[in-house]
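Chain letters run A, B, ... following the sequence lines, proteins first and then strands; every chain starts at 1.
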Amino acid sequence: MTLLTATKVKHYFGGLCAVADFNLQLQSGELMGIIGPNGAGKTTIFNLITGVYRASEGSIRLRDVELVGKTPHQITALRVGRTFQNIRLFRDLSVLDNVRIAHYAQVHYSPLEALLHIGRYRREEQRIIDNSHRLLSIFKLEHLAGETAKNLPYGSQRRLEIARALAIDPELLLLDEPAAGMNPNEIDQLMEFIQWIRQEFKLTILLIEHQMKLVMGICERIMVLDFGQTLSEGPPTVIQNDPKVLEAYLGEGSIG
Amino acid sequence: MNTMRNPGWEWLMAQRWILPALLLIGFGLAFAIPEYNLLNKYVQLVMMYVGINIILTVSLNLVNGYMGEFSLAHAGFMAVGAYTAALLTQKVLPIADYPGLFPLAVLAGGLMAALLGLIVAIPSFKVRGDYLAIITLAFLMIVKSVIENIDYIGGPRGIPGIKKLTTLPWVFFWTVATIWVVRNFVYSKYGRGVLSIREDEIASDLMSVNTRRVKFLAFMVSSFFAGVAGALFAHLLQFISPRVFDIIKTTDVLIMVYLGGIASISGSILGAVLYTVLLEVLRPSNFAALVSWLPDVIFDPLNQYFIRHLGVWRMVIMPLALVLVMLYWPRGIMGLREFRWFVPKRDLDAHHRHVAHGGSHDAPHGH
Amino acid sequence: MSEGIIYWLQQTLNALQLGSIYALIALGYTMVYGILTMINFAHGDVFMVGAFFCFLAAVYLGLPFVPTLLLTMLGAALVGVMIERLAYKPLRNAPRVSAIITALGVGIFLENFTLALAPYPKNIPALLANATWNMGGVSISSLQIIIILLSLGLMFVLDYVVYRTPVGIAMRAISWDKTYVPLMGVPLDLIISVTFAIGAGLAGAAGTMYGLAYPVIDPYMGIMVGWKAFISAVVGGIGNIRGAMIGAFILGGVEIMVAAFFPSTYRDFVAFTLLMLLIVIRPYGILGQPRTQKV
């Protein structure tokens, strides 16, 4: 079943065409990668899907729901989660609060109940505290719940960001360069980890990555972008041998 | 969590029942003090101003500290509350026969201010930082000049002869109510939304926080209590005019917020008490009385060269003190920290929970 | 000429005079903002201190106009640099609000320090012989002309300094990037101090001219004028020097015209409502560039 469909999406910044005619069909449960050189429009595509930018033309649908024109929080509430290229945690807040905040759409009490701490407030708060702890323990961060996010080491911050994205209970998870700043050994672990959360949380994953090792290693399907254009699309073996891709992006013998 | 902690302090902090007990005693005293004149009238008056300033500071901290915006409109909301309440008690409500109607006037002042808070919240959807600061400043000036141009409410001359309905128990009640409600708001999903907007608004939106709704609520709660403070203020000072609520009034509250510390209720209480009390202590007669126990050899020259001139110099000393505080505590004395009794126990526990987790949810690794 | 046109011309002249004073102060706001992204709320009070320096130089030293102006500008520049070094520099890496609150504190300090030394409003003597000419019904005073021309002259000098000299290039480079530009040999602290000195010096000049145009000065005169100048800077696009000048003349024009055609109590209402609308419609001002946030 198709989860995400992008049809003829175009986006301009001023006069500059950042994304030209982007088309995508993402199947439910799939793990797909988007690669391309810097400035190819990869992150822009994530921003278009999550509503940070409004597509200049075209349509992006999650099942039957049109996403173009919706605000980020509306789209997130439709169970689309994401991480950021450069970590964007709530730096001065606690690890626990970072995860609790992402529960916003799933907490059901009215402003009045919040102001007076009555009604559903107690039960709902306890529920999300428990769920946050469950997520933190999965990511081995539970003992750091009271720590300020900015004091965490880099690796833990990356994990916390994924934990926070999972707290919105996503069906579709967008990972923006999850392996940035990691050594080959850490990338091996990350690959295993992405496969694991995919199973555990029944996710469809779309990821952007520069690390060929990761993309070729775990993605079932790869799309190559350059200058906002789709250059090629297919399983890793096809991409690896596509002369167009080799010429435009990979250069000689850079796979591995 | 690795820092050494004083066991005595830990024990004291665990005794959370002390806070409600203190509140109960405080309430009793708030009734007893004016009834039996336990303290002189001047001290009672200062206590009421302290309470009103706490209300203003805690409520402004919601927008300026927790949300990280820089609103200059607080005196404007205060003015709306003050005028609404004063008009009700002067012209509408039969307050002479039923003084018990006063809380209605205060509530109406708060609600009217909250309504205007909505209007300021709308530009905050589009505009942030310095530009929002300017919009709030413009709002304050507009409120002031609208009041100046309406003859029915006294124009620039203001409203004299307002009945003195603000009493110590009422101030105490509204102060506690403000602290309680703002604290409740902060420790809710909306409050966490407010915090996340301060940290990173776009990320906040992408983590499902309805930032518009959260901003609406924060501005409404903040301006509601500013209106309440204005209503109490009007019925204590017994005279209001547009000049009372100018930018200098806002600056006063800003100083109390940032002195006490951003995003901290206990900090706001501390800031309001410190600032208000210090300004009073530095009045020449008060300061002289305070150090009158000194032997004449010291007191006389001190009085001659220093205390007598304090009336002018105290407003020189106070801003210098503020600058020094900023240099040493850039986020204010209690910035981003909270006194533990103000944090709901559930939140406190949740941040320090060490539950041994079962193997079923174990990730395959940790990097 | 018809009555109406004469009235218009007269008011336009008044607007130019007010606008030039606002512009001189607005430049200081916008320069400091451009280089430190900090609103220097004490700047209006530096303007006030300038007016008092003018009073001191004219009354106690008995100096004529030109030395008074130069001394005032120098004195104000010194005050500006001192404020920057003592109060703002230690906070350069602190949260931005701390610097803003410090600036508010410095402003209140300046007001009350001046008040403690000068409890009563002061009168600035007429330093210039004021001739009034009547040109077809429009009365023009020599003072007005001097204020307008002198302000325009200072603005041209500043524009030249910022866009044509090495110091100006360094200022603009630092306003663009504070991390890497100093690594290329630009002396960060010196350039910031120079910026404050120029801004405060211009405020001092504004203080002198204000004192000549409206001779009664008091320690609180900087608050409202300062805010208005700040608004001018915002209207023009804060951080943009030419924008600040345009904004100041627009605000001066709006204020004078509203007061000329409506009851004068409507002045602030109209001015601030326009400001609010402008910011909502065009948040980055007339000449400012929108800042896009990278995601």
Side-chain angles (χ1 to χ4, degrees), chain A residues 50-52 71-74 76-77 82 84 88-94 96-97 100-107 109 111 113-117 121-122 124-126 128-129 132-134 137-140 142-143 145-147 155 158-159 164-165 167-168 182 186 189-190 192-193 196-197 200, chain B residues 1 68 180-214 216-218 220-221 224 262-263 331 335-336 344 346-358 360-367:
Chain A
T50 52
V52 177
T71 62
H73 69 84
Q74 286 169 335
T76 314
R82 75 174 276 188
F84 301 91
R88 288 182 81 151
L89 290 170
F90 304 122
R91 292 173 50 81
D92 277 321
L93 305 184
S94 71
L96 177 70
D97 280 347
R100 276 203 292 178
I101 284 164
H103 284 85
Y104 184 94
Q106 304 157 55
V107 186
Y109 52 72
E113 286 166 307
L115 287 172
L116 304 177
H117 281 194
Y121 171 84
R122 276 158 214 278
E124 288 286 285
E125 283 290 303
Q126 197 55 54
I128 65 154
I129 286 174
S132 301
H133 275 287
R134 185 179 67 87
S137 72
I138 290 172
F139 288 82
K140 296 204 166 32
E142 201 183 15
H143 61 293
E147 195 60 66
R158 280 244 167 247
R159 275 185 286 148
R164 187 179 67 169
I168 70 147
M182 289 186 180
E186 287 170 326
Q189 291 183 343
L190 180 67
E192 203 182 325
F193 183 69
W196 182 82
I197 56 168
E200 184 71 19
Chain B
M1 52 188 62
W180 187 67
V181 170
V182 171
R183 174 266 207 184
N184 284 354
F185 183 75
V186 167
Y187 294 99
S188 75
K189 71 168 186 171
Y190 305 106
R192 289 190 294 270
V194 165
L195 290 171
S196 69
I197 289 173
R198 180 190 72 207
E199 294 293 313
D200 185 337
E201 187 169 345
I202 293 178
S204 166
D205 215 342
L206 285 167
M207 292 304 135
S208 80
V209 176
N210 185 342
T211 50
R212 290 193 172 196
R213 192 175 160 88
V214 165
F216 261 137
L217 285 169
M220 274 180 73
V221 172
F224 174 83
I262 57 163
R331 295 176 195 272
L336 301 184
R346 186 183 301 101
D347 267 73
L348 219 49
D349 293 344
H351 278 103
H352 301 283
R353 201 159 78 173
H354 298 261
V355 183
H357 49 263
S360 63
H361 283 307
D362 260 14
H365 70 60
H367 32 266

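Distance check, rounded to the nearest 0.5 Å: NE2 of A:H133 to NE2 of B:H351 gives 8.0 Å. We find the CG-NE2 distance between B:D205 and A:H73 to be 5.5 Å, quoted to the nearest 0.5 Å. In this structure, the separation between CZ on A:R100 and CG on B:D347 is 4.0 Å, given to the nearest 0.5 Å. In this structure, B:Y187 OH and A:E125 CD are separated by 12.0 Å, a value rounded to the nearest 0.5 Å. Atoms CG and CD1, from B:D349 and A:I129 in turn, are 8.5 Å apart once rounded to the nearest 0.5 Å.
Side-chain contact between A:F90 and B:S204 is present, with heavy atoms from C-beta onward closer than 4.5 Å. B:W180 places a side-chain heavy atom less than 4.5 Å from the side chain of A:L116. Residues A:L93 and B:R192 are not in side-chain contact: their nearest non-hydrogen atoms beyond the backbone lie 4.5 Å or more apart. Side-chain contact between A:Y109 and B:K189 is present, with at least one heavy-atom pair separated by less than 4.5 Å. Using a 4.5 Å heavy-atom cutoff, the side chains of A:R88 and B:L206 are not in contact. In this structure, A:H117 and B:P344 have side chains that are in contact, with non-hydrogen atoms separated by less than 4.5 Å.
Atom CZ of A:R91 has 12 or fewer heavy atoms from other residues, nucleotides or ligands within 6.0 Å.
With respect to chain A, the highest number of heavy-atom pairs below 4.5 Å among B:S208, B:A350, B:S188 belongs to B:S208. Chain B forms the most heavy-atom pairs under 4.5 Å with one residue out of A:I168, A:L96, A:I128, A:T50, and that residue is A:L96. Between chain B and the residues A:A114, A:A77, A:A105, the most heavy-atom pairs under 4.5 angstrom are made by A:A114. Here A:R122 is the residue among A:E124, A:R122, A:E113 with the most heavy-atom pairs under 4.5 Å with chain B.
Using a 4.5 Å cut-off between heavy atoms, B:L336 touches chain A through its side chain atoms alone. For B:R212, no part lies near chain A; criterion is any non-hydrogen pair under 4.5 Å. Residue contact with chain A, scored on non-hydrogen atoms closer than 4.5 Å, involves the side chain of B:V221 exclusively. Using a 4.5 Å cut-off between heavy atoms, A:I197 does not touch chain B at all. In this structure, chain B has heavy atoms under 4.5 Å from both the backbone and the side chain of A:Q126.
Each of A:D92, A:L89, A:D97 was checked for a side-chain contact (heavy atoms from CB on, under 4.5 Å) with B:E199, and the lone residue meeting it is A:D92.
The shortest heavy-atom contact between B:N210 and A:Y104 is N-CE2, 3.4 Å.
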